[in-house]
Novice: 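Okay, here's the structure, questions in a sec.
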Amino acid sequence: MLATTERPRGVIERFRAHLPVSAATPVISLGEGSTPLIPSPRLSERVGRDCRVWVKYEGLNPTCSFKDRGMTVAVSKAVERGTAAVVCASTGNTSASAAAYAARAGIRCAVILPAGKIASGKLVQAFAYGATVVAIDGNFDDALRVVRELGSRPDFTIVNSINPDRIAGQKSAAFEIVEELGDAPDIHMLPVGNAGNISAYWAGYGEYSEAGLAATRPAMVGFQAAGSAPIYHGRVVEQPETIASAIRIGNPASWEMATRAIRDSRGAIDIVTDDEILEAQKWLASKEGIFVEPASAASIAGLFKCCDPARQPAYPFMQIPEGSRIVCTVTGHGLKDPDAVRFATATAVQPTEADVLRAIGF
Ligand SMILES: *Cc1c(COP(=O)(O)O)cnc(C)c1O
């Protein structure tokens, strides 16, 4: 047995007072949350203007994405209600997380996925945790429609972000940032898919500000992939396309909530291309030592776009004010989607010192 002080604290134990749980709620946790907020000197230097940038590395959650923050609450509440199975549609990370927390709880998990569209690391996770995986001929939006239909059964609980317990748990990332910085940042940037996370952060910042725990709230700036940008264009995208599969969403479930968050925070929504995303992914890994999946790199690609003087006239947000404190959330680990990575492959050489030195370039 661990002593109480040594026990890892998950999102529910750490933020119980801010979550829809009671003493009667069983805590299904894998020690999620409390991820590093990494000061990023090279990013800060690239932004310039005396700005400071931190990266909130959500790939270090138990299933390697931020989805665990909401899933601990959603699955705990589902168990409290006596549900037999959790069900979700997923671009990959929701299913990985749902499968893990269902396994932990000892209940069933069914995941509905668009066939052939899931990053290999995420699919491996769903199978490893013992979920029942159903692939459909359709995209994520079709999968979510089927899940909404299944959710009307009393013995199923939907654990997509249309489940408010998910959003409640995801607020915890904003709480952690305020606690660590001593206040909210000036600008918070993150990728946007179904738009639950941007809504959750804004709710979290609002709650801490109302409780007197933060003096300010940030401008929320979201980035969609150019081929999959319904909020940016103001219309549903029937065939969303991007290498960033976690944000390949044509009809976001939390569209209205996100629009309010962006408006009320005086933030913005913008787009980044797949090339910009992959470039940012590579840059962040090689310059800061932080390896993230393509969707996550959208926040970094977006930050670069903000700082590019050539683009600023057309840019809807603003010039980043001097001295801004900026947090970029990177949502998932790079190993989730190894096939998307554009890095060189190693060619074999003879096993001699001379050959190896030559290969190293010395
Ligand atoms: C789910 C997910 C997103 C998108 O978050 P939304 O809440 O749907 O906007 C972005 N990146 C990763 C890695 C994700 O898993």
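Only heavy atoms go into these numbers, but all of them, side chains included; no hydrogens, no water, no symmetry mates. All ligand and atom numbering here is 1-based and tracks the order in the structure.
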Novice: Can a donor-acceptor pair be found, under 3.5 Å and without considering hydrogens, that links the side chain of Asp142 to the backbone of Asn139?
Specialist: yes
Novice: Is it true that a side-chain atom of Asp183 and a backbone atom of Ala215 form a donor plus acceptor pair closer than 3.5 Å?
Specialist: yes
Novice: Classify the contact between Lys67 and ligand 1 as side chain, backbone, both or neither, using a heavy-atom distance cut-off of under 4.0 Å.
Specialist: side chain
Novice: Relative to the heavy atoms of Val192, which atoms of ligand 1 are at a distance of less than 4.0 Å?
Specialist: 9 (O)
Novice: What I want to check is whether the side chains of Gln170 and Asn197 have a donor and an acceptor closer together than 3.5 Å.
Specialist: yes
Novice: Considering distance alone, does some N or O of Gly193 sit under 3.5 Å from an N or O of ligand 1?
Specialist: yes
Novice: Ser161 near ligand 1, heavy-atom distance under 4.0 Å?
Specialist: no
Novice: Enumerate the atoms of ligand 1 whose separation from the nearest heavy atom of Gly196 is less than 4.0 angstrom.
Specialist: 6 (P), 7 (O), 9 (O)
Novice: Find all atoms of ligand 1 within a distance of less than 4.0 Å from any non-hydrogen atom belonging to Ala295, and give their numbers and elements.
Specialist: 11 (N)
Novice: Shortest non-hydrogen contact from Phe140 to Pro114?
Specialist: N-CG, 3.7 Å
Novice: Does Leu19 share a hydrophobic cluster with Tyr101, counting links as ILVMFWY side-chain heavy atoms below 4.5 Å and allowing steps through other members?
Specialist: no
Novice: Can you tell me the protein heavy atom closest to atom 11 (N) of ligand 1 and the distance?
Specialist: Thr331 OG1, 2.7 Å
Novice: N/O to N/O below 3.5 Å, does that happen between Gln170 and ligand 1?
Specialist: no
Novice: Please list the nearest protein heavy atom to atom 5 (O) of ligand 1 with its residue and the distance rounded to 0.1 Å.
Specialist: Phe66 CZ, 3.5 Å
Novice: Atom 7 (O) of ligand 1: which protein heavy atom is closest, and how many Å away?
Specialist: Asn197 N, 2.8 Å
Novice: Give a yes or no answer on whether the side chain of Glu176 reaches the backbone of Ser34 with a donor-acceptor pair at less than 3.5 Å.
Specialist: yes
Novice: Could you tell me whether Thr94 approaches ligand 1 through its side chain, its backbone, both or neither, with non-hydrogen atoms closer than 4.0 Å?
Specialist: neither
Novice: Looking at residues at least two apart in the chain, or sitting in another chain, which of them share a ring-ring contact (aromatic ring centres under 6.0 Å, His included) with Tyr201?
Specialist: His188
Novice: Tell me whether Ile136 shares a hydrophobic cluster with Leu150, the cluster being built from Ile, Leu, Val, Met, Phe, Trp, Tyr side chains joined at under 4.5 Å.
Specialist: yes
Novice: Can you tell me which portion of Asn194 lies within the under-4.0 Å heavy-atom range of ligand 1? Options are side chain, backbone, both, or neither.
Specialist: both
Novice: Go through ligand 1 atom by atom and flag the ones less than 4.0 Å from a non-hydrogen atom of Glu293.
Specialist: 13 (C)
Novice: Tell me if a side-chain donor or acceptor on Ser296 pairs with a main-chain N or O of Thr331 at a distance below 3.5 Å.
Specialist: yes
